[in-house]
Each structure stands twice: as C-alpha cells, then as structure tokens.
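All chains are named by letter (A, B, ...) in the order of the sequence lines, taking the proteins before the strands, and each is independently numbered beginning at 1.
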Number of protein chains: 2
Amino acid sequence: MDAAPTVIADRISAIVNSMTRSEKRIARVLLARYPAVGLESVTEFAKQAEVSAPTVLRFIAKLGFGGYPDFRRALREEIDESQLNPLTKPRIENIDAGTEYGNELLGVVRSTLAELDMGLVEKVTELFSDERRSINILGGDLTTTVASHLFFHLRKMRRLVFSLPATIQERADRIVDLGKRDIVVLFDIRRYQADIIKTARIASQKGCTVVLFTDQWMSEASEVATHVFRARVGTSSPWDSLLGLNAIVETVALSLDRRLWSMVRPRLEVMERYKVDLLDQETTSTPPE
Amino acid sequence: MDAAPTVIADRISAIVNSMTRSEKRIARVLLARYPAVGLESVTEFAKQAEVSAPTVLRFIAKLGFGGYPDFRRALREEIDESQLNPLTKPRIENIDAGTEYGNELLGVVRSTLAELDMGLVEKVTELFSDERRSINILGGDLTTTVASHLFFHLRKMRRLVFSLPATIQERADRIVDLGKRDIVVLFDIRRYQADIIKTARIASQKGCTVVLFTDQWMSEASEVATHVFRARVGTSSPWDSLLGLNAIVETVALSLDRRLWSMVRPRLEVMERYKVDLLDQETTSTPPE
DNA sequence: GAATATATGAAATTTTTATAACATAAACGG
DNA sequence: CCGTTTATGTTATAAAAATTTCATATATTC
C-alpha cells in the first residue's frame, strides 16, 4: 500500500497550499529546520512556529500520524534510511494533467545540458578565472535577465565585471575602451538583435575575446565569437524558454566557483561585512534629538 | 572558538576502548543507528542496548551532557548543521561533476514542476488578466533576475506593469500609492530579505493582493501573501539555483498568454510597429550634409 | 579469598510531555 | 449583518520520560 517511500517533507510540500494560516506557519518552520524541529517536544515546536501545542498536534494528526510520538518515530526512521542511501532516493513524480508544458520545459533543460560541451565550460572557466581581464556582459531584449544572472554570479566571485549599457550611445562610449585583454559576453537568441551582432563584430575586431550564449540555430554573432554556448529555447508556445540558457549559466558559475573557491570564500566574507556595515550606517544616520 | 564542529559520534569512537561492557554496548548501538537511537527515549535506547536506563544516563553524563534532553538537543543541532549550513555542504571536486550537477539542475526543475499547483497557476492567471489592477514586481538580491523575467513577459502582454524600486527610499514613495486594486509580486528565497518581508506586510496591510514566489522553506512573507508559489532552489553547490523559479514564471507567463491571446497578439503587433518607427527615427536623425 | 571499589539494575519519584476538554476567536455563507 | 462552521488557544489531566535512590552484582586489589 505505502509502496512510495514518501518523505514526510514532500507530503507537506504537496499540500501546503490547502493549509490554514497556522498550519502554514508550522509547515514553514518544519521544512526550514527539517527534520530537527520535529524531534523536539510539541511545546518547543509550537513555540518556534508561534502557535499553540494543540495546533501542532492537530497538524500532525491531519498528516495521518497517530500522535506526536508516532510522528517523531517516522522522522527517526527517515533519518535511519537516509543513512543507508544518502540522497539517492528515487523521486517518483506525480503527474498532473496540466503539466504538459512542464514536460516541455524539462525537455529544454535536459537536451541543453545533454548537448553541453563540458570541455568548453572548462575553457571558459579558465578564461573567466583570469582576473586581469575585464568581463563585459550584454544581453538582448529577452535574454537580459539571464545576462544579469551571470553578472550577479561573476560579480560575487571576482573584480572587473561590468554590464554593457543597453542604449547604443552609452555602449559605444564603453566599447571604445575595450582591447585584447577584455572579454565580451553576449546573449543572443532568435529574433536576433542587430545591435548585439554588431557589438560582437566590433569587439572581435578590437581583439576582445567574445563569449556568446545563443540558441541552437546560432546567432550570426557566432561567426566572430571565440566561444559559443548553445541552448535549447524552443517550446510549443510562442515564447521561447530561457531555462536552458539559465542552466548553462549556472553550470559555468558553479565551475568557476569551484576553481576560485579559495579566493571566493574570503571575498564573500568581506562583502558580507561591508553589507552589515552599510546597513548599520543607514540606521545610525538619524541625527540625535 | 568552536572551530572544530565536534561530532558526538567521533567523540564516542575516540574513547570507546576505555569503556565498560555496558557502555560499549550503548556506544555500539548508538553508532550503528546514529543519530536516530539517541532521539528516542532513554528507556527505548536502553532496551535496544540491552542495558538499563540509568546506565545510559550515566553514559551520556560521562560524555559531558547535563542530562538526556541536553544530549538530544545536541544531536538535533548536529542534524540542523549538517543539512542547512551552506558552508558545510559537501563539495564534490570531481572532474565529471559537471554532468552530475546537470542532473541536479534537472532535478530542481522536475520537482518544482511536479509540486506546482496548477490550480494556483489558474488563479494567478485570472488575477493577472484583470487589466484594471496594476502589477508591481520586486525581486531580492539574487532573484531580481527572475523578477525581471516575469516583468518582461507581463509587460508584453498588458499595461500597468511596474517594477518596484530596489532602494528603500524610492520604494516607500511608491508603496504609499498602492491600494486594494493593486497587485504586488514578490520574490524571496533563502537568505530571506527583511525588506521584502516588510514590503509584503505593508502591501498586505494596504489591501493589495500579494503574490509570492519563494523556495520550499517559504519566506515569512508567505504569512501575509494571498498566493504563494514554491520552487526548489537547493543543490549540492553553495549557490542556489533559479531554474525552478524560472520554470514557474514561464509557466505562469504562458498560461496568461493563452488566456489573453486575443488581446496580446494585436498588442505585440503594435509594439513591433512602434519599435521599427523608433529605430527609423534614430537613423534619420542625422542632419543632412 | 576477603575487603573495597566500581558498575549495574529495579523501583520510586520528580519532571516533562502529550493529549483531551472546553472556551474563544476567526472565517464563512446566506 | 447574522448565525453557523471552522480554527485556534487555554486550562486541566493523563501518560511518559527522566532522574534519583538504593540494593545488588561484578570486578579489583592486596
């Protein structure tokens, strides 16, 4: 009967939307510190979720447990099992009628990653690791969000990361200073943008290393690009999906993070400190009465 | 200070040779089913080790704990740390880790979509279809790119779509004008941002409809949100993945596109015409020789 | 092989925890 | 807005768990 080795957390996740206010609180606290909070006493659990103990009890009763001890026993069993096969649990996915498009999106990610050349990822990682080179990122109309995502990650890991302006005028002002040392990263998928292709040409002419993220049909910019990543973007809908591009970006970011970890970690810590300082200043800036 | 994250199991292993017969039994049972047995009651623990409860108590007292509850608390803390602290996440430095990570990303998308409540998508589509309501979008530090992605799509399909400013001051200026008619869309995943949670609270108080995109652990903003989408974000890497969130955004966008199709198509055509006009103007603006 | 020290367990006691019963508040449908 | 249903919290009670006490067993030393 209970063939599916359902993790309690998943069961909760699945029904969280049909929960009452307090129940959601309980679910949130439990999922956030799963499964540890569940192993505390009801009273403690309830306190953390800012509800009363009986509410927690009713919550776990709804999940089908015979009582709080029963619930804890189940959690302990999960811990036991997870020891034997860590994280390798097969996830049996529940198929919903409306997830046809979901399967398409999944397909976009799957084929993009399957076709992804890890050697290229390595090479670009190598390239991005060189902190003497500047990295200049530019996305198109639709892809600007993915470009920002890459920008965000690179920015956290190293210096000299910039985003090229979207307006032609400002961009021209910036391109003029680019040279052999500099890297230009472009995003261009169908409904290819002339200005991006031209930017690629100019950058290439000036000796920049050009990295292009495009779709399977490849923007014209690929003619001059040094490195080209291709993602699947097509779905049955009129809108292209950015999931594939995003997947590549995250893979590259992770690869870079692995390589630069020893430098990135201290950098992040310092950033964190500055952030706290900046926030502090904000609160103390009020003049005394 | 507590630089070494002393695992209790290791401490026990280290001194197992200087133990009495019963103590060794206890140690053996505990290590075999670590840490689950320790989370049962003393009586149960004792029974499994085939010793008496007081013997177990003396055992854990020798380990330096103030009592059995104290011991269990320590075990729970270990569970918390091992699962949630991003810095403790196992870092697999494998060469072929790229593919492995790809599978993880795929998993993020799959489980996000599997857990996606299509009824909720419907409801939010309905909500977004009402052109009398304004839509105000705000993302967090990391999620701002996904927020932009949603912004892009909604912008194409309807009027009254805005993005809320990132700076507190400007945002306050904007929030003051929001009311019952308005929709506030927020993105907040772990390392939850206080300013976003507060924005949610204020918006809710002002009678806005609040749509939240968060992770499986759910930002506190979920307490006041009208609709909550939850995505998977966790991977084995120290960085969270946005693919799940993106998948939800694209699904919502498509759903909206289907519903508003008859209005969206002409709108897009007009936009296209204006775009061409604007570009024309740009090229002809050069004064003749 | 006693005398002593140490380890262990059974039973009693104290404390904590889980739950039931009731009261109040919030949400809902007309 | 009303009455009704549902959700939540408070208080009281039962159950259980943890701990202490003390008796008994086992090992250790001379």
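- Ring geometry, A/Phe71 versus A/Phe45: the interplanar angle falls under 30°, so the pair is classed parallel (tilted spans 30 to 60°).
- Remark on DNA chain C: of its neighbouring residues A/Arg72 and B/Glu23, the 5'-side contact belongs to B/Glu23, judged by nearest-heavy-atom nucleotide.
- One can place CD of A/Glu44 at 20 Å from P of C/dT15, the figure rounded to the nearest angstrom.
- A close approach under 4.0 Å does not occur between any side-chain nitrogen or oxygen of B/Thr20 and OP1 or OP2 of C/dT6.
- Counting non-hydrogen atoms under 4.0 angstrom, A/Arg21 reaches the backbone sugars and phosphates but no base.
- At least one side-chain nitrogen or oxygen of B/Ser22 sits closer than 4.0 Å to the OP1 or OP2 atom of C/dT8.
- Where B/Val42 and B/Arg58 meet DNA chain D, the nucleotide closest to each residue was compared, and B/Val42 sits on the side nearer the 5' end.
- Looking at A/Arg28 and B/Glu220, no side-chain N of the basic residue comes within less than 4.0 Å of a carboxylate O on the acidic one, giving no salt bridge.
- A/Gln48 contributes no side-chain N or O that, together with a main-chain N or O of A/Val29, makes up a donor-acceptor pair within less than 3.5 Å.
- At whole-Å resolution of the value, CG in B/Asp70 and C1' in C/dT15 are 16 Å apart.
- Between B/Ile26 atom CD1 and C/dT8 atom P the separation is 8 Å, expressed in whole Å.
- A sub-4.0 Å separation between OP1 or OP2 of C/dT8 and a side-chain N or O of B/Ser52 is absent.
- Among the nucleotides C/dA7, C/dA18, D/dA18, the one closest to the side chain of B/Tyr68 is D/dA18.
- Rounded to an integer number of Å, the gap from NZ of B/Lys24 to C1' of D/dA27 is 14 Å.
- Following rounding to the nearest Å, B/Ile60 (CD1) and D/dA17 (P) show an atom-to-atom distance of 16 Å.
- Side-chain proximity of B/Pro54 to the nucleotides C/dT8, D/dT20, C/dT19 is greatest for D/dT20.
- Using modelled atom types and a 3.5 Å distance limit, the side chains of A/Ser22 and A/Thr20 yield no donor-acceptor pair.
- Across all strands, A/Arg25 comes closer than 4.0 Å to no nucleic acid atom at all (heavy-atom distances).
- Spacing between atom CZ of B/Phe71 and atom P of D/dT19 amounts to 12 Å, rounded to whole angstrom units.
- One finds a side-chain N or O of A/Thr55 lying less than 4.0 angstrom from the OP1 or OP2 phosphate oxygen of D/dG9.
- The cationic group of B/Arg158 does not satisfy the cation-pi geometry with B/Phe128, failing either the under 6.0 Å distance to the six-membered ring centre or the 45° limit from the ring axis.
- Rounded to whole Å, the distance from NZ on B/Lys47 to P on D/dA18 is 13 Å.
- Atom C1' of nucleotide C/dA21 and atom CG of A/Leu57 are separated by 14 Å, given to the nearest angstrom.
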